[in-house]
Every structure is written in structure tokens, then in C-alpha cells.
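Side-chain atoms are counted along with the backbone in the values below, which use heavy atoms only and exclude waters and symmetry mates. Chain identifiers are assigned alphabetically (A, B, ...) following the order of the sequence lines, protein sequences preceding nucleic acid strands; residue numbering begins at 1 within each chain.
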Number of protein chains: 2
Amino acid sequence: MDSIKVFAPGTVANVACGFDVVGLAMDAPGDEMIIRRSEQPGVQIKAVHGARLSTDAAQNVAGVALQALLQKYDNPDVGFEVEIFKNIQPGSGIGSSAASSAGAVVGANHLLGQPFTPKQLVRFAMEGERLASGAAHADNVAPAIMGGFTLVRSYKPLDITSLHTPADLWVTVIHPQIEVKTSDAREILKQKVLMTDAIRQWGNVGALVAGLYQENYGLISRSLEDVIVEPVRAILIPAFYELKLKCKETGALGGGISGSGPSVFMLSKGETIARQVAATMDSVYAPLGVDYKVHVSPINKEGVKVIS
Amino acid sequence: MDSIKVFAPGTVANVACGFDVVGLAMDAPGDEMIIRRSEQPGVQIKAVHGARLSTDAAQNVAGVALQALLQKYDNPDVGFEVEIFKNIQPGSGIGSSAASSAGAVVGANHLLGQPFTPKQLVRFAMEGERLASGAAHADNVAPAIMGGFTLVRSYKPLDITSLHTPADLWVTVIHPQIEVKTSDAREILKQKVLMTDAIRQWGNVGALVAGLYQENYGLISRSLEDVIVEPVRAILIPAFYELKLKCKETGALGGGISGSGPSVFMLSKGETIARQVAATMDSVYAPLGVDYKVHVSPINKEGVKVIS
């Protein structure tokens with residue numbers, strides 16, 4: 001096999017109470033990527049369709065992730081060409097850079113006969129994240145590669161686990177077309193938090209994980225609460241609290257800011273409610289005069305998929 | 001049925017990272033209690049064997065818990081007599097008051113034909129905890145009543161869930177015979193914590209819950225870390241760090257301070273290691289000149305049990 005086409009899913013990081021630790025993958029939107037073995041060693045980004053991103057491999061997250069993989073593969077003759085079809089808008093807060101990094105390393109791993117474990121692939125893809133945001137975080141690339149819900153327990157050492165994903169869980173995401181810089185979103189966070197808030201947050205994280213394993217949608221709903229980060233970052237998102245309130249009134253289990261924004265995600269039980277939640281998002285955003293896109297998707301359980 | 005005898009288990013609250021939210025029940029030590037229907041309305045504590053505790057029902061946690069139950073039962077003619085055989089030493093940090101409260105209300109509920117749900121029984125038993133420590137906390141009474149591992153997500157409203165308990169998980173507890181007042185242990189805690197520590201803690205809580213559901217002992221072990229409370233409270237326990245280190249070298253998965261101390265608990269996979277951990281605890285404490293007791297037990301999966 002000299003060429004492979006993969007689907008690389010969008011992802012939601014910072015799932016409510018699970019700030020910095022819990023992420024999930026979606027079936028849509030997602031990028032498509034073609035990765036080809038090349039006579040020429042190293043990595044070449046042949047083209048990026050659908051977004052203005054660098055085709056210099058050292059300045060492209062897919063290129064950087066693949067270079068990390070090749071460094072570990074340790075065969076100086078191996079080379080890849082990459083063509084990227086972006087559907088996930090850069091800066092949307094639903095893991096655009098993670099999808100490119102994840103798709104590239106999973107595709108290349110297939111072409112090489114799967115020498116690397118998912119955890120190793122996460123490490124390579126994290127190097128793409130380092131280029132994109134200055135921090136080699138795993139909370140988007142882990143769900144993009146492993147699928148479903150993932151939990152990053154620790155970075156030193158890297159410790160990631162897949163969580164159970166209830167069968168009927170859907171995501172609705174609204175992406176307001178405004179810019180929120182990850183670095184700005186990070187800077188407004190407080191360095192210290194109240195012990196009482198921290199305890200409430202870890203009670204919610206434990207209950208969210210339990211709710212996922214129990215497929216207990218009520219418990220998931222009650223646990224989707226972020227008393228620490230959301231109150232600080234909500235000001236970055238137009239009409240955030242109105243949006244959240246009306247989505248929950250429509251039947252959404254709960255949600256919050258996706259990644260560091262500007263996208264907002266809502267989880268629902270079943271496609272019907274997820275689509276009603278999308279309509280509610282429309283009704284809140286249409287009068288605002290802010291351009292936006294809405295996506296509705298089941299949880300993606302497999303991560304990056306081989307298309308052909 | 002006019003009389004019932006129950007076993008009320010000891011419990012570990014504040015399970016490492018799960019400070020204030022995760023608790024577990026043990027098969028030993030535990031109290032035995034006889035609860036009898038009485039002609040006389042209200043609650044009478046007939047005797048307490050094995051510990052010096054008040055037999056004034058208003059000053060005894062079992063009495064207070066039963067009064068809370070009777071208030072809800074709303075039949076002024078109903079009365080109970082209680083006889084308590086304490087095996088769990090008051091002040092040990094392994095849920096002595098919770099066992100008395102839990103045993104009393106579960107026993108009475110059986111005598112009345114089980115009109116109350118476990119969650120209601122937890123509420124009644126929490127009134128006993130209010131008498132014992134000034135705060136109606138649930139992190140001991142929940143596992144005492146429901147068995148296994150429990151998680152208290154929130155108090156307002158009360159939201160408690162049972163977690164999956166891996167089959168082969170054992171507890172070893174050492175109880176140094178020193179006094180640590182819960183109020184003192186509470187006072188030395190900081191009111192604010194670093195965001196980075198809080199994130200690490202909720203990553204650990206999520207991973208601990210996932211580890212329990214996955215029966216993944218490695219993940220449980222790595223998650224049994226408390227970066228917030230243990231560093232402050234460890235000074236209350238003689239030789240705490242040496243004890244913990246040597247227990248882990250012996251094969252314990254991990255552990256920490258039980259409740260607010262002075263007991264220290266360690267979880268292990270299987271009875272053999274749990275007993276080796278007990279021997280290690282002996283070897284650390286024997287030279288210290290501090291009296292102590294060591295208990296080895298599987299996780300109790302049923303909570304309060306009817307003996308006869």
C-alpha cells in the first residue's frame with residue numbers, strides 16, 4: 001500500500017467540568033487527508049484545500065507530527081506526501097490542528113504496517129499541537145486518534161485512557177465566526193481557585209466518568225457543570241448563557257465552551273433532540289448578526305478512519 | 001419481625017484524590033447492632049458495648065439518625081430500642097459514627113417493611129454525622145449504606161452514585177492510637193489551591209473512577225494520588241510518608257489518609273498482597289512506640305448487612 005485516504009474527526013476538548021482532561025471525538029465535521037509514500041525522504045505537504053495553511057512541512061501541524069513519527073521510525077529513506085482537505089475551520093475550537101496531526105500520523109502508521117501504538121501516535125500528534133498553540137497538549141489529539149471520550153490523567157508521564165461512550169450520545173456544536181486566541185483564553189484564567197469550587201469540580205468529573213460508564217444520561221447531565229473555567233471564559237462567547245439555557249430547555253443534557261472557544265458544544269440523548277438543539281442555537285444566534293455554523297453529530301467511536 | 005441484628009461496616013472517606021467525594025466500605029472492622037421495635041414511641045439507646053458513647057438518644061449518632069427517620073415516617077406510635085456492639089473505635093477515621101448511624105437506619109427500615117430508599121436512609125444517617133462532626137457529610141454513610149465505592153457529586157441537591165467495585169480489591173488499614181480531631185484536620189486546609197494542582201486532582205478522580213469500571217488496577221494505582229490535601233495533613237500522621245512508600249514497595253496500589261485520620265488505608269490487588277502490606281505496616285510502626293491496630297479486608301460490596 002503506497003497511498004491511503006483517511007477521515008480525521010473534529011474533537012471537543014475541555015468537556016465542561018473536565019477542563020484540560022476530558023475530550024471527545026465527533027463524526028462531523030472532519031477533514032479528509034491523503035497520505036502517500038514518497039521516493040523523497042522526509043515530509044512534503046503537497047496541498048491544503050479549504051483553508052489557508054502553510055505547505056512548509058516545518059510550519060504545518062501535519063508535517064511536524066509526521067516528522068516526529070519519522071524520527072522515531074528511524075529509517076532515513078522513508079518519506080511521505082500529504083494532501084489535506086480541511087472541513088474543520090482553523091481557530092474554531094473543535095480541534096482543527098489536532099485533526100490534521102492525528103490524520104497524518106494514523107495514515108502514515110497504516111502505510112508502514114502499524115509499527116506504532118495509539119499512545120505513540122498521540123505523542124507524535126502532540127508535536128503538531130505544540131506548533132499550533134505553543135503547548136503539546138493531548139486533549140484533542142487523544143480523542144481524534146482513539147475515538148469516543150478520552151481522559152488525560154497526566155502529562156508527566158503521559159497517561160491517557162479511553163472512557164466508555166454511551167451508544168445514544170450526540171453532539172451539537174455552534175461555531176460563531178469570531179476569533180478567540182487560545183493564548184488569550186488561557187491568560188484570563190485564575191492561577192488559584194477556591195478549594196470548595198475545586199472539590200465541586202472533581203466531584204463532577206468523577207460523576208461524569210461514572211455517568212458515561214453507567215450510560216446514565218441523568219447523571220451525565222447533572223455532571224456537565226464547570227464552576228471554574230466557564231464563569232471566566234463565558235464573556236468571550238456572544239450570548240453564551242442564553243444559548244446554554246435555551247439548549248438545556250430544548251432538552252440538551254448540558255455542554256459548555258469547546259476547547260478554548262469560540263465554539264460551544266451541547267450533548268444530547270439521541271439525534272432528534274440534538275437536531276432540536278441545533279434549531280435552538282439558530283434561533284439564538286440568527287438575530288445577533290454574528291456569522292456562525294452549526295454541526296450535529298453522533299460521538300465518533302473509532303477516531304481517525306481509513307476511507308480508502 | 002420485631003427485632004433485627006445488623007452488621008455495619010467501617011468505611012474509608014477521602015479516598016486519595018477523591019477528597020470529600022469518594023468513599024468505600026470494608027468487610028472488617030464493623031459494628032454489630034440490634035434494633036428492636038418498642039412499645040414506647042421514639043428512640044432508646046439501651047446499651048453501647050465496646051466504647052464509651054452516650055446512651056442519650058439525642059446525643060448518640062444512632063439515636064439522632066433514627067429520630068430523623070421517625071420524623072419522616074410520621075407515625076407517632078413507632079419506637080425503637082437499639083443496642084450497639086462497637087468494633088470500630090470512635091475517632092479512628094474509618095467511619096465509626098457513620099457505621100452506627102447507617103446500621104440503625106438500615107435495621108429500622110427493615111423492621112418497618114422497607115418504606116425508605118437507600119438515598120433517604122443516607123439522608124437520615126447524615127443527621128448522625130452532623131451530631132458527630134458538626135457537618136452532615138455523606139462520604140462515610142453513603143458507602144456504609146450502599147456498599148462498595150460511592151461518589152458524592154453534590155450536596156445541594158444531594159447526588160450520590162455507586163461506582164463499580166473491582167472483584168479483587170482489598171483494603172489494609174492501620175489505625176495509630178493517637179487523636180486527630182476532624183475540626184483540626186479541617187482547619188489546616190488551605191482555602192485556595194493552585195489551578196494546576198486542581199486540574200491534576202480532577203484528572204486523577206476521573207481516572208480513578210475509570211480504573212474502577214475498567215477493573216484496571218494499574219490505572220487505579222496511578223490515580224491514587226492526592227496533590228492537595230495529603231501534603232497538608234501528612235504531618236498529622238506519624239511516619240506517614242515512610243509508611244506509604246514501604247506499602248507501595250510491598251505491592252500496594254496506593255492509598256492515603258482515611259477520612260481526616262489518623263488511620264491510613266492502602267488498596268491492594270488480592271488478599272495476599274493486602275496481608276503483606278499489613279506486615280509492612282507492622283514493621284514501620286512497631287519501632288515507633290505508638291500503639292496501633294491493623295485491619296485487612298476485602299471491599300464490602302453490600303453495605304449494612306442483616307445478620308439475623
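For A:Ile228, the part lying under 4.5 angstrom from a heavy atom of chain B is the side chain only. Only the backbone of A:Ser162 comes within less than 4.5 Å of a heavy atom in chain B; its side chain stays farther off. In this structure, chain B has a heavy atom under 4.5 Å from the side chain of A:Asp159, while its backbone stays farther away. Of the two parts of A:Val22, neither the backbone nor the side chain holds a non-hydrogen atom closer than 4.5 Å to a non-hydrogen atom of chain B.
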Decide side-chain contact (heavy atoms from CB on, under 4.5 Å) for A:Val229 and B:Met195; before the verdict, give the C-alpha distance in whole Å, the side-chain angles of both, and the deciding distance to 0.1 Å. CA-CA 10 Å; A:Val229 174; B:Met195 174 76 100; 4.3 Å; yes
Checking side-chain contact (heavy atoms from CB on, under 4.5 Å) for the pair A:Val209/B:Leu208: CA distance, chi angles, key distance, verdict? CA-CA 9 Å; A:Val209 174; B:Leu208 174 60; over 6 Å; no
Evaluate the criterion side-chain contact (heavy atoms from CB on, under 4.5 Å) for residue pair B:Ile199 and A:Gln201; output intermediate values, then yes/no. CA-CA 9 Å; B:Ile199 293 169; A:Gln201 193 92 343; over 6 Å; no
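Heavy atoms from other residues, nucleotides or ligands lying under 6.0 Å from NZ of B:Lys301 number more than 12. Within 6.0 Å of atom NZ in B:Lys305, more than 12 heavy atoms from other residues, nucleotides or ligands are found, so the atom counts as buried in its surroundings. Environment of CD in B:Gln191: sparse, with no more than 12 heavy atoms of neighbouring residues, nucleotides or ligands closer than 6.0 Å. By the 6.0 Å contact criterion, NZ on A:Lys192 is open, its count of non-hydrogen atoms from other residues, nucleotides or ligands being 12 or less.
When each of B:Gly18, B:Ala198, B:Cys17 is scored by its heavy-atom pairs under 4.5 Å with chain A, the top score falls to B:Cys17. Of the listed residues A:Leu219, A:Leu189, A:Leu163, the one with more heavy-atom pairs under 4.5 angstrom with chain B than any other is A:Leu219. When the candidates A:His164, A:Gln214, A:Lys190 are compared by the number of heavy-atom contacts under 4.5 Å with chain B, A:Gln214 comes out ahead. For the set A:Val193, A:Leu194, A:Val205, the entry with the most heavy-atom pairs within less than 4.5 Å of chain B is A:Val193.
Judged by distance alone, the side chain of B:Arg153 and the main-chain N or O of A:Arg222 form a donor-acceptor pair under 3.5 Å. A donor-acceptor distance shorter than 3.5 angstrom exists from the side chain of A:Trp202 to the backbone of B:Phe19, with no hydrogens or angles considered.
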